[in-house]
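Below is one structure; the comments refer to it alone.
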Amino acid sequence: MLPEKGAGAKPATPPKAAAPAVPAKPTGPVPGAWDSAMVARFKRQYGSGIEALTYLGQNYMVVDRSLIPNLLLLLRDQEKFEYCVDITAVHYPKRERQFDVVWILYSFEKNERVRVKTMIGENESLPSSVEIWPTCNWLEREVFDMFGIRFEGHPDLKRILLPEGWRGHPLRKDYGIIQQDKEWVQINLGIESGQ
Amino acid sequence: MLDYITSYLHSNETPGGAGNMFWAFLYILAIFVGLSIAVIAMNWLERKILAHMQVRLGPMRVGPHGLLQPIADALKLLIKEDIMPAEADQLVFWVAPLITVLAAFTTFIVVPFGPTHAVTDMNIGILFMLGVSSLGVLGIVTAGWASNSHYPLIGSLRSSAQMVSYEIAMGLAVVSAVLMTSLHGSGIYGTGTAGSGIGTLSMIGIVNAQQEQQTWFAFKFFPLGLIALFVFAVAMVAETNRAPFDLPEAESELTAGFHTEYSGFRWSLFFLAEYSAMIAVSSIAVTLWLGGWLRPFANLLSGPTWDLVFSAFPGLTFLGLAAMALFSAKRMPKHRFFKIQTLGLAGFGAVLGLIGLILFIPPVRDRIQDIYWFVAKVAVFMYLYIWYRGTFPRYRFDQLMQVGWKVLLPTGLAVLVATALVGVL
Amino acid sequence: MQPVATTFFFYFLSALALVGGVLVITRRNAVHSALALIVTLLALAGIYLMLYAPFVAGVQIILYAGGIMVLFLFVIMLVNLERAEKEKQFNKQWLVAIVASGALGLLFVKVFTESKTIPGLLQKPLAELAETSNTQQVGLALYGNYMLAFEIASLLLLVAIVGAVVMAKKKI
Amino acid sequence: MTETVKSLSHLELGERDETFLGSNELIINMGPQHPATHGVLRVILKLDGEKVLGTECVIGYLHRGVEKIAENRTYSMFNPYVDRMDYVAAVSNGLGYCEAVEKLLNIQAPPRANHIRVILTELNRIASHQLWLGTHALDIGAITPLFYTFRDREEILKVFEKYCGARLTTHAFRIGGCLYETYEGFERDVKKFCDFVQPKIDEYEELLTTNRIWVERTKGVGVISAADCKALGVTGPVLRASGVKWDIRKAQPYANYSEFDFEIPTRGAGDTYDRYMVRMAEMRQSLRIIRQAVERIPEGPIMAKVPKVIKPPVGEIYHSIEAPKGELGYFIVSDGSTQPYRVRVRPPSFVNLQALDSMVRGQLVADVIAVIGTLDIVLGEVDR
């Protein structure tokens, strides 16, 4: 039986990049500010809600939740990020707004990849970006399936990998690794438990 | 009674023609035995040739080089339980395989293995063959319906639609061949020989016409004969649901074949019917276009010496087979387990060698000539069937019907009209 | 080809045809009656052979048994059968049936008896149509003096085919 | 069956044929054990007669929760799990993961290791394409290519077995380079393989490219335009067959791909035939890369200086490579401990499968099987 790992060793660095308090090891690379023409344009347009950073050469923007639908639209139309590589989420149980939802976008013309991150709370929901990139249909369904984040306006938001009647969202940190929806297993598979 | 039997011996008509029931029955028996041997051989050959085309060995375990595999298959099919689905229609389920097998076997009544070696010489020979082979469709339709389940029904509808539409193309190709029996054409295309002038539908008549006109119909009126043969060759593959046209039993399709519900002996009847239909349809092609039992280059290389050379062919083939068998017997691994198999193979080789030698004795040699050449040509078509299966992917159903209706039918019609024109000019 | 045991074959074939005919109308299951119809048609083909008309026998097998009956079975299968089976099979009108069959029987008897007296009714005695060139004779007759009838018939069939295509075609 | 009907409700269906005979729609369930669905994929087809009105893919039968496991394993312990996702191209999965962690640790694999990695990944690409061709041709009815491709694929698996002991899930790479030094005779085997398989690829082409029935079954089937590909996030040979000249090995080179010269084959029509041609050309390009890599394989260490206990600094990175099926990406968030905080795998088959519905609508049932084959999906990767 695997030792149950503590609930998240240490909260990840809050966006304001406080120095990671790792005693012995010299501080690793720190996400620095990222400014480019595009970032400047967005800052002028949206003011405070955007914070552009770069880490190990990869640029990403931490964006306020309210900007989501139109910022992405802007990114696709003006900045030519017409390929939405991936949508995923990360769960930080300790923070007050627990989920990081990450869009990874890529532009063929500029051969450039950017990540847009936003933070939402437990039962907050996000506008779906299926209209912007049709590929988000399944990607958002998987994020909903694994984290329970609802996307309004999604044509058919239901579980994609787990069976439909399953209760619980596995990729949340509070969902133990050997935990299982025992009731579903008993009803549908007719066996006592999956273990 | 005895003279009734011997009276036929020196008459030069087919037993049916001479009204001699005893010999007719004997011929039917010979055809039954010959056909089942051919089906068994085809089963082994198909698996081996297809395997070697696909860089693998094929059956090797049952008997030397898998020679006993077909017998093992037949035995398995006989022993296997013969299930009839619960709500299937008993009578129709039982009758369907019979219809297909009956249709496949009755076509052999008119197949001419030699000038007198046919069960009977109907004067509507080719018409009879086409008619009976179209009866085979009924067996398939009723089989699909009787299994009373969704997919075999669709499968049987599809395969019967396919067979019905390719029958027409086949009929047109056959008509153009029959046309050639009477038309000799003057001018550039004239074959220059006086023919009987009256066409004939009888199979033996057609081959005689080819003999008189000293040309195989495939090469008569140069491109036309070949095109007609090509149309027939494609249509016959579709008629027997084989190779590129074997859509109904395609396992990657949704619908299964019409014989999914069948098992055991009934399924082997369908299997038997499929192979005999293949042989029947190839024998039509051989009779009509490739000069039935006539030996190749009958006029080009005529003369006693050439006759002697060609007459040695049957013996030589059997001796060649014997050599192959003995050679592979020698190469069998020396291990104790393989002892019986090597002996078996060597024995088989010896038997083949013996047959080869017998075929060199003059009286036997002359009588066997016709049958040998006919069977050799049918064997070529059988090899083609297997070759198709190895190379071609499968047609989609609508493409399959399109080829039938939009490609073969017009070409068949065009060839028919062209033959008529060229023949009359 | 000298005829072989014709009397036996004649009675066997006609009995087969009769039994098949009866089965066609009495069977409750449509496919069974279709099969019975095929048996009758084949029996008829046999009888044609006995009348030294091999070409007609061959055509009978190809067209009727091989072609039309297959399409019959197609239609029977595609149309769902449950409804047909539930309906009443016989409408019990014995009187009309007897009258009709009686009239038909009379007609046959009349024709048969008259034929001996009026020469033209059955033009040629049967055996005369030479057995070997039967197909040629039929061909010549068809394209000879019955040319017009032949063309009209083919026109009619063409119309039928076009009608079928129009009905089944999804989008014209 | 009722719950599937409900789930199909959202499907806006293709226009129905108002036929005279009014044929009814049919909901057919293909899979999850159907022989032509390459694993446990269940496709619900809504048919009007033979025409496909709409499809819905039900996946998740092979879901093993790889991303959840990653959060409870250390970085190097998770390495073998990665091979189990796309078990046909296990080596590329391993390469993607190792390079992602190396990026986090900000270390660089030594040149010899990179050369070995490139050789093995390209060999794996050829093996994956061969397996695809064999099964794809079998679905369309051509039996023979399957035996040819599997016979040639066997040679590659032998090289893998000699190098790292496993044929399929190889676990050949470690974070920081390769663990095993190449066995003596490695270069000779790879060269011998290249010369052996070069004419074999032409043999496949001989069998299929000009085969009329193959052309008829694949040309114009499952067409997808470049714009749809980009919108649906489709990548790899499917994208290149629709005319977009984009390959991560050229766009954002990793593991010294920039040192080798090779082209990116593309075609315009975006149908099954073009995807077949693109993959055949890709096999030849891979051979070119392997030959160059084997020539120039340098001497030197095969493992970078990696601390015994891998504890990458806090931060997150996204690294993607060109797997045989498309862009395979790893988004790793590290919280400074020995175990990754979050590993997100962006699987190409999962996203490409989403395009199935738009490619198949309006086609016939037989084409659904051909299109599933041409998408070259592996269910281990779709379900993770």
Side-chain angles (χ1 to χ4, degrees), chain B residues 13-14 16-21 24 89-93 95-96 99 102-103 106 110 120-142 144-146 148 153-154 156-157 160-161 163-164 167-168 170-171 174 178 182 197-202 205, chain C residues 1-6 23 27-39 41-42 45-46 48-49 52-81 129-140 161 165:
Chain B
E13 270 186 322
T14 56
N20 188 321
M21 279 309 134
D89 185 319
Q90 264 44 2
L91 174 71
V92 179
F93 192 83
V95 153
I99 300 177
L102 267 178
T106 38
V110 263
T120 177
D121 171 23
M122 278 187 176
N123 60 9
I124 51 151
I126 187 65
L127 201 64
F128 175 78
M129 274 193 104
L130 284 184
V132 170
S133 80
S134 76
L135 279 181
V137 180
L138 288 177
I140 292 178
V141 169
T142 38
W145 185 79
N148 202 345
L153 181 66
I154 300 181
S156 72
L157 286 183
S160 34
M163 289 171 84
V164 165
E167 238 167 61
I168 305 162
M170 237 164 107
V174 160
V178 167
S182 62
I198 303 169
T200 158
L201 276 177
S202 111
Chain C
M1 167 170 125
Q2 315 91 322
V4 168
T6 43
L23 278 178
R27 281 294 101 197
R28 178 167 292 284
N29 183 331
V31 175
H32 289 188
S33 53
L35 286 180
L37 188 53
I38 293 167
V39 167
L41 292 175
L42 290 180
Y48 283 142
L49 268 178
Y52 302 111
F55 180 74
V56 177
V59 165
Q60 165 95 348
I61 294 177
I62 292 186
L63 286 185
Y64 268 104
I68 294 173
M69 284 322 291
V70 167
L71 300 183
F72 263 46
L73 281 171
F74 258 45
V75 170
I76 291 173
M77 283 197 220
L78 290 180
V79 165
N80 49 38
L81 291 174
L129 267 179
E131 210 263 344
T132 52
S133 64
N134 172 277
T135 328
Q136 282 75 8
Q137 305 296 336
V138 168
L140 289 176
I161 293 173
V165 167

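As the structure is a prediction and not an experimental result, all values here were calculated from the model.
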Could you walk me through whether B:W145 and C:L73 pass the side-chain contact (heavy atoms from CB on, under 4.5 Å) test, one step at a time?
CA-CA 9 Å; B:W145 185 79; C:L73 281 171; over 6 Å; no
Starting from the C-alpha separation in whole Å, work towards a yes-or-no answer on side-chain contact (heavy atoms from CB on, under 4.5 Å) for B:L135 and C:L42.
CA-CA 10 Å; B:L135 279 181; C:L42 290 180; 4.2 Å; yes
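Residues C:H32 and B:D89 meet the side-chain proximity criterion, which asks for heavy atoms closer than 4.5 Å. By the 4.5 Å heavy-atom criterion applied to side chains, B:I99 and C:I38 are not counted as neighbours.
The shortest heavy-atom contact between B:A161 and C:F74 is N-CZ, 3.6 Å. Minimum heavy-atom separation, C:I62 to B:L130: CD1-CB, 4.0 Å. Closest heavy-atom contact between C:G66 and B:S134: CA-OG, 3.3 Å. Heavy atoms only, all atoms of each residue included: B:L138 and C:A65 are closest at CD1-O, 3.6 Å.
Contacts between B:V164 and chain C at a heavy-atom distance below 4.5 Å involve the side chain alone, from C-beta outward. There is no contact between B:I140 and chain C, counting heavy-atom distances below 4.5 Å. When heavy atoms are compared at a cutoff of 4.5 Å, C:L63 does not approach chain B at all. Using a 4.5 Å cut-off between heavy atoms, B:A103 makes no contact with chain C at all.
No other option in B:L157, B:V137, B:V92 has as many heavy-atom pairs under 4.5 Å with chain C as B:L157.
B:L91 CG to C:R27 CZ: the interatomic distance, rounded to the nearest 0.5 Å, is 8.5 Å. Taken to the nearest 0.5 Å, the CZ atom of C:F55 stands 11.0 Å off from the CG atom of B:N123.
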